[in-house]
Protein chains: 2
Amino acid sequence: MNQFVEFISQFISLSNEDTIALENVLSNKSYKAGDKIVQEGSICNSILFTVSGKSRSYFVNHEGQEFTWNFHFNDADSKFENYFLVDYYSFLRQTPSHLTIEALEDIEAITLSYTNIQKIVSKSINLEKVASIMSATAYENVHKRAFTLLTSNAKERYLQLLKDEPYLLNKFQHYLIASYLGVAPQSLSRLRKEISKP
Amino acid sequence: MNQFVEFISQFISLSNEDTIALENVLSNKSYKAGDKIVQEGSICNSILFTVSGKSRSYFVNHEGQEFTWNFHFNDADSKFENYFLVDYYSFLRQTPSHLTIEALEDIEAITLSYTNIQKIVSKSINLEKVASIMSATAYENVHKRAFTLLTSNAKERYLQLLKDEPYLLNKFQHYLIASYLGVAPQSLSRLRKEISKP
DNA sequence: TTCATTTCTTCACAAATGTGAATGAAAGTA
DNA sequence: TACTTTCATTCACATTTGTGAAGAAATGAA
């Protein structure tokens, strides 16, 4: 079964017709390591669901500095939000993306376009929930990110990462983790040293 | 006309039946200054639309420190997200709220409950868009907040506030603005001094 | 393997931000 | 009015975080 359909089925039970309707609008896409999957400034007109390969999304500030927004992969460690390659903000409003998504490895993905999602949503009340599931997932993710950034300092954010998603440290380079936490790589090193031997 | 219906009408055109259906599930509610409109830990089961009065939403971290999430009011300066009194995260999933919303003045509001929103959504395809409009609005707001917190320092955040929503400085006390920016009140004072006379 | 490249760590110092105390201004109350 | 309370500002100092340079460690290529 299609992995995307499988994902959706965790939340709602799809009829046979719904499943077929959904599968019909999905297609496969692959990227090479280094490819830009979503490009800042262009409109994000599809949602990609990661089947294999690692990627990361990031913002660039006015000084050209990169800030990792999230890591994306699909394995035993991954959470829902990690599957999706999309600037949800750009996708919802069909406005230029602020986010860039870059393939760190070769990527296999399943794609669902903006126009296709509209088509299936208008066909079935049940499928319409697909959109709201993804919307809620995206919202929860960004909400948690904003909360953490507002309420805790670098050390607390690193400790929280150690607690909630320690596997990231083995999967991604530390300078990427640092930009995910919003600190300089050297500061992350210092925190790691400090925390490992108190 | 009901201010909430008016708000929704900016985005979608409602039929007479839709308008009546919507108005039927809305009710008025008022709070006194100091009241907790949304209480951390309890499930947020309605969306409140501010008609008059100022309030603020905030998180409390593990040390008991308060961090202002947003300011809420309805006047010429206000933006969409400022109208709504809701922990959207809690509302969507019907889970305990992380946010507290506190009335800073007496509040008049229009309320739409979670169960009522389900009712009207299942009745009309058009009304169903109400939910997605609010969802998108909430998402954009939190997305911008997370982006700013991740990519800029205290000074840049204050300069952005001066540019985007300078009226907040006249409406709310500076120690609240400081906790909105994620800095100590003294640090905000220092920044203001530094920026006013370069 | 060896060499080149990238990443991680460490250090010293600079810059940014937090903290507690003190002061004065502003607002509210009797 | 005087008194109290709250808030904004200022200061000195502490702590956190950033920065550039250097070297160590890891990784990848030949």
Side-chain angles (χ1 to χ4, degrees), chain A residues 32-34 54 56 58-68 71 102-106 148-162 166-198, chain B residues 32-34 54 56 58-68 71 102-106 148-162 166-198:
Chain A
K32 289 280 163 201
K54 292 188 286 192
R56 69 153 185 146
Y58 62 92
F59 293 116
V60 181
N61 76 356
H62 50 92
E63 282 166 345
Q65 267 181 299
E66 292 178 4
F67 294 85
T68 296
F71 298 106
E102 172 189 52
L104 298 173
E105 300 174 347
D106 291 356
T148 301
L149 288 165
L150 180 63
T151 63
S152 49
N153 62 20
K155 187 176 180 177
E156 293 166 330
R157 296 201 296 276
Y158 176 64
L159 287 171
Q160 190 177 324
L161 182 135
L162 275 184
Y167 46 80
L168 289 181
L169 290 162
N170 305 321
K171 286 187 206 288
F172 297 93
Q173 290 149 339
H174 287 188
Y175 74 96
L176 294 180
I177 305 276
S179 88
Y180 176 63
L181 292 171
V183 298
Q186 298 97 318
S187 298
L188 177 57
S189 249
R190 175 165 40 202
L191 287 170
R192 286 168 55 75
K193 186 182 175 187
E194 187 189 334
I195 285 161
S196 68
K197 46 158 187 177
Chain B
K32 289 281 163 201
K54 293 188 286 191
R56 69 154 186 147
Y58 62 91
F59 293 118
V60 181
N61 77 356
H62 50 92
E63 282 167 344
Q65 268 182 298
E66 293 179 3
F67 294 85
T68 297
F71 298 106
E102 172 188 51
L104 299 173
E105 300 173 347
D106 290 357
T148 301
L149 288 164
L150 180 63
T151 64
S152 49
N153 61 21
K155 187 176 181 176
E156 293 166 329
R157 295 201 297 277
Y158 176 63
L159 287 170
Q160 190 178 324
L161 182 134
L162 275 185
Y167 45 81
L168 290 182
L169 290 162
N170 305 321
K171 285 187 207 288
F172 298 92
Q173 289 149 339
H174 287 189
Y175 76 96
L176 294 178
I177 304 277
S179 89
Y180 177 63
L181 292 170
V183 298
Q186 300 97 318
S187 298
L188 177 56
S189 250
R190 175 164 41 203
L191 288 170
R192 286 168 56 74
K193 187 182 175 187
E194 187 189 335
I195 285 160
S196 66
K197 43 158 187 177

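Letters A, B, ... mirror the listed sequences (proteins, then strands); counts begin at 1. All values below come from the heavy atoms of this structure, side chains included, with hydrogens, waters and symmetry mates left out.
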Would you mind building the protein contact string for nucleotides 12-23 of chain D? One character per nucleotide, 5' to 3', B for base within reach (heavy atoms under 4.0 Å), S for sugar-phosphate only, - for untouched.
-> -----BBBB---
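Atom-to-atom distance recorded for B:Lys171:NZ and B:Leu104:CG is 12.5 Å, nearest 0.5 angstrom. The distance from the CD atom of B:Glu66 to the CZ atom of B:Arg56 is 4.5 Å, given to the nearest 0.5 Å. With rounding to the nearest 0.5 Å, the separation of CZ in B:Arg157 from CG in B:Leu181 is 6.5 Å. The line from CD1 of B:Ile177 to CZ of B:Arg192 is 9.0 Å long, rounded to the nearest 0.5 Å. B:Leu161 CG to B:Tyr167 OH: the interatomic distance, rounded to the nearest 0.5 Å, is 8.5 Å.
Nucleotides of DNA chain C with any atom under 4.0 Å from a heavy atom of chain A span, from 5' to 3', C:dT7 to C:dC11.
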Begin with the C-alpha distance, continue with both residues' side-chain angles, and end with the deciding distance and a verdict on side chain to side chain contact (heavy atoms under 4.5 Å, CB included) for B:Leu176 and B:Leu168.
-> CA-CA 10 Å; B:Leu176 294 178; B:Leu168 290 182; over 6 Å; no
Going through the checks in order, is the side chain to side chain contact (heavy atoms under 4.5 Å, CB included) test met by A:Lys155 and A:Ile195?
-> CA-CA 9 Å; A:Lys155 187 176 180 177; A:Ile195 285 161; 4.2 Å; yes
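What you find for B:Leu188 and B:Tyr158 is that their closest heavy atoms are CD1-CD1, 3.5 Å. B:Leu150 and A:Phe59 get closest at one heavy-atom pair: CD2-CD1, 4.5 Å.
In terms of modelled atom types and a separation under 3.5 Å, the side chain of A:Asp106 and the main chain of A:Lys32 share no donor-acceptor contact.
Near DNA chain C, meaning a heavy atom under 4.0 Å from it, residues 169-179 of chain A has A:Gln173, A:His174, A:Tyr175 in order of number.
For the pair B:Leu104 CG and D:dT6 P, the computed distance is 16 Å after rounding to whole Å.
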